[in-house]
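Report on the following structure.
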Amino acid sequence: MTENYRPTKAVIDLGAIKKNLSAFQQRSGGAEVIAVVKADAYGHGVLAVAKTAIENGVRLLAVATPDEALYLREQGVSTDLLILGATPPNFIQVAQRHNIIVTAVSLDWLAMASVNVAPELDTLKIHLKVDTGMRRIGVQLDEVDEALEFIADHEFGFEGVFTHFATADEADSGLFLEQVRAMNSVIDKLADPSIMVHVSNSAAAIMHPEMSFDAVRVGISLYGIAPSPYVGKEMPFELHPALSLETEIIHVKKVKAGQALSYGATYQAEQDEWIATLPIGYADGMLRGLQGQEVLVKGQRVPVVGRICMDQCMIRISEKLPIGEKVQLIGSQAGQRIFIDEWARKLDTIPYEIPCILTKRVPRVYSDSTEVSDLPFQEPDTMLR
Ligand SMILES: *Cc1c(COP(=O)(O)O)cnc(C)c1O
């Protein structure tokens with residue numbers, strides 16, 4: 001990585017990812033853990049996460065798009081890859097060439113793929129997606145027989161069948177049970193026991209380990225984040241948040257009683273106040289809705305005051321502090337901790353969104369809490385072959 005001249009950074013603890021992965025490997029019994037690394041590994045940096053996952057026993061990585069799969073191949077990742085989303089006709093032969101598993105999302109997709117495969121290349125590997133109730137993509141339940149026949153009649157490498165739950169992160173969901181029943185009826189139709197069946201996302205892998213089948217697809221909780229407040233409350237094992245966000249004070253001044261600050265002059269000091277400026281703003285993913293959110297300075301919670309700007313924001317501190325003083329926006333400092341969930345509540349959204357909205361301008365740097373050495377961790381760039 002090139003030199004970082006701005007102190008704002010996301011620190012990713014790969015040790016936390018290892019611990020979460022190992023917890024899922026244990027919880028799922030003999031089932032494989034498919035590491036879901038779409039969206040740049042939920043904003044954590046796909047290369048470092050993929051490398052960590054592979055080194056710790058993961059044999060299949062899942063991404064959402066063709067480009068995400070190709071990027072991993074270009075970077076030398078040779079592990080099996082599954083694209084969870086739909087893929088277009090002009091990608092079929094690319095998938096064959098790069099050994100990328102694609103998802104059969106409908107009967108039409110199967111017909112499309114069958115005419116786009118190049119017979120001289122390696123067989124196109126597919127997993128069949130069945131829509132058991134999410135109603136997003138997948139063959140419908142009454143199309144499963146036809147899909148299985150079509151697959152049997154054509155030259156596909158048929159390797160897996162999966163579905164996706166809509167409500168696995170909620171208590172007592174009737175839809176969840178309905179999806180389970182539907183999937184069991186699909187599984188009964190599979191003649192070949194070597195076909196990999198996978199149904200669980202993080203929430204299901206946590207709450208229903210009996211549903212692990214051959215593999216579980218773990219995304220959000222691989223990164224140490226609970227899929228919902230309900231699952232967070234019921235957690236049978238500890239999750240280790242991997243991402244922290246930190247910066248440093250770059251400017252400090254006293255603002256007099258009655259003076260206002262930032263765009264719109266919406267915040268007025270009630271008394272003489274120490275105000276520090278941080279080099280992070282909405283162009284970094286610190287959205288304007290986070291006005292009023294607290295950050296950690298010297299282990300104390302202090303508020304973001306005034307409007308958040310594109311590149312900077314202000315906090316109110318209780319005493320004059322030096323330039324370079326560490327500020328923790330997400331993560332822990334001196335025994336205090338700010339979870340991603342707190343940002344999600346403030347922004348009226350789910351924790352999944354938070355690491356995804358941290359933009360490219362925020363460098364991801366890596367540490368490993370499970371390593372004894374405290375030498376700076378090297379950013380992985382070319383590797384893994
Ligand atoms: C994103 C995704 C997952 C991972 O879900 P988490 O809730 O992040 O664990 C699993 N399966 C599919 C099909 C997905 O799109």
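In this chain, numbering begins with 1 at the start of the sequence shown. Counting convention: from 1, in listed order, for ligands and their atoms alike.
- For the pairing with Tyr267, the side chain to side chain donor-acceptor pair (under 3.5 Å) check across Arg307, Gln291, Glu273 returns one residue only, Glu273.
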Query raised in the report: Can Glu146 and Val139 be said to form a side chain to side chain contact (heavy atoms under 4.5 Å, CB included), step by step?
Result: CA-CA 10 Å; Glu146 195 180 335; Val139 296; over 6 Å; no
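- Across all their heavy atoms, Leu82 and Leu60 have their closest contact at N-CD1, 3.9 Å.
- Heavy atoms of Pro227 found under 4.0 angstrom from ligand 1: none, in either backbone or side chain.
- Asp192 is not listed as a side-chain neighbour of Phe158, based on a closest heavy-atom distance of 4.5 Å or more.
- The atoms of ligand 1 that sit less than 4.0 Å from any heavy atom of Lys38 are 1 (C), 2 (C), 3 (C), 14 (C), 15 (O).
- Distances between N or O atoms of Ala203 and those of ligand 1 include no value under 3.5 Å.
- Taking NZ of Lys298 as the reference point, atom CD1 of Ile317 lies at 10.0 Å (rounded to 0.5 Å).
- The shortest contact between atom 10 (C) of ligand 1 and any protein heavy atom is with Arg217 NE, 3.4 Å.
- Looking from atom 9 (O) of ligand 1 to the surrounding protein, the closest heavy atom is Ser202 OG, 2.5 Å.
- Counting atoms of ligand 1 from 1 in the listed order, those under 4.0 Å from a heavy atom of Tyr42 are 1 (C), 4 (C), 5 (O), 6 (P), 8 (O).
- Arg337 forms a cation-pi arrangement with Phe339, by the criterion of a distance under 6.0 Å to the ring centre and an angle within 45° of the ring axis.
- Considering backbone and side-chain N/O atoms, Val218 never comes within less than 3.5 Å of an N/O atom of ligand 1.
- With hydrogens left out, the protein atom closest to atom 13 (C) of ligand 1 is His164 ND1, 3.6 Å, a heavy atom.
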Query - Stepwise side-chain hydrogen bond (donor to acceptor under 3.5 Å, both in side chains) check, Gln140 with Asp131 - result: CA-CA 5 Å; Gln140 300 303 300; Asp131 179 4; 3.2 Å; yes
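- Tyr352 OH, 2.6 Å is the protein heavy atom nearest to atom 7 (O) of ligand 1.
- Contacts with ligand 1 closer than 4.0 Å are made by side-chain heavy atoms of Leu84 only, the backbone lying farther away.
- Taking CD of Gln333 as the reference point, atom CD of Gln336 lies at 9.0 Å (rounded to 0.5 Å).
- When non-hydrogen atoms are compared, ligand 1 lies under 4.0 Å from the side chain of Arg136 (C-beta onward) but not from its backbone.
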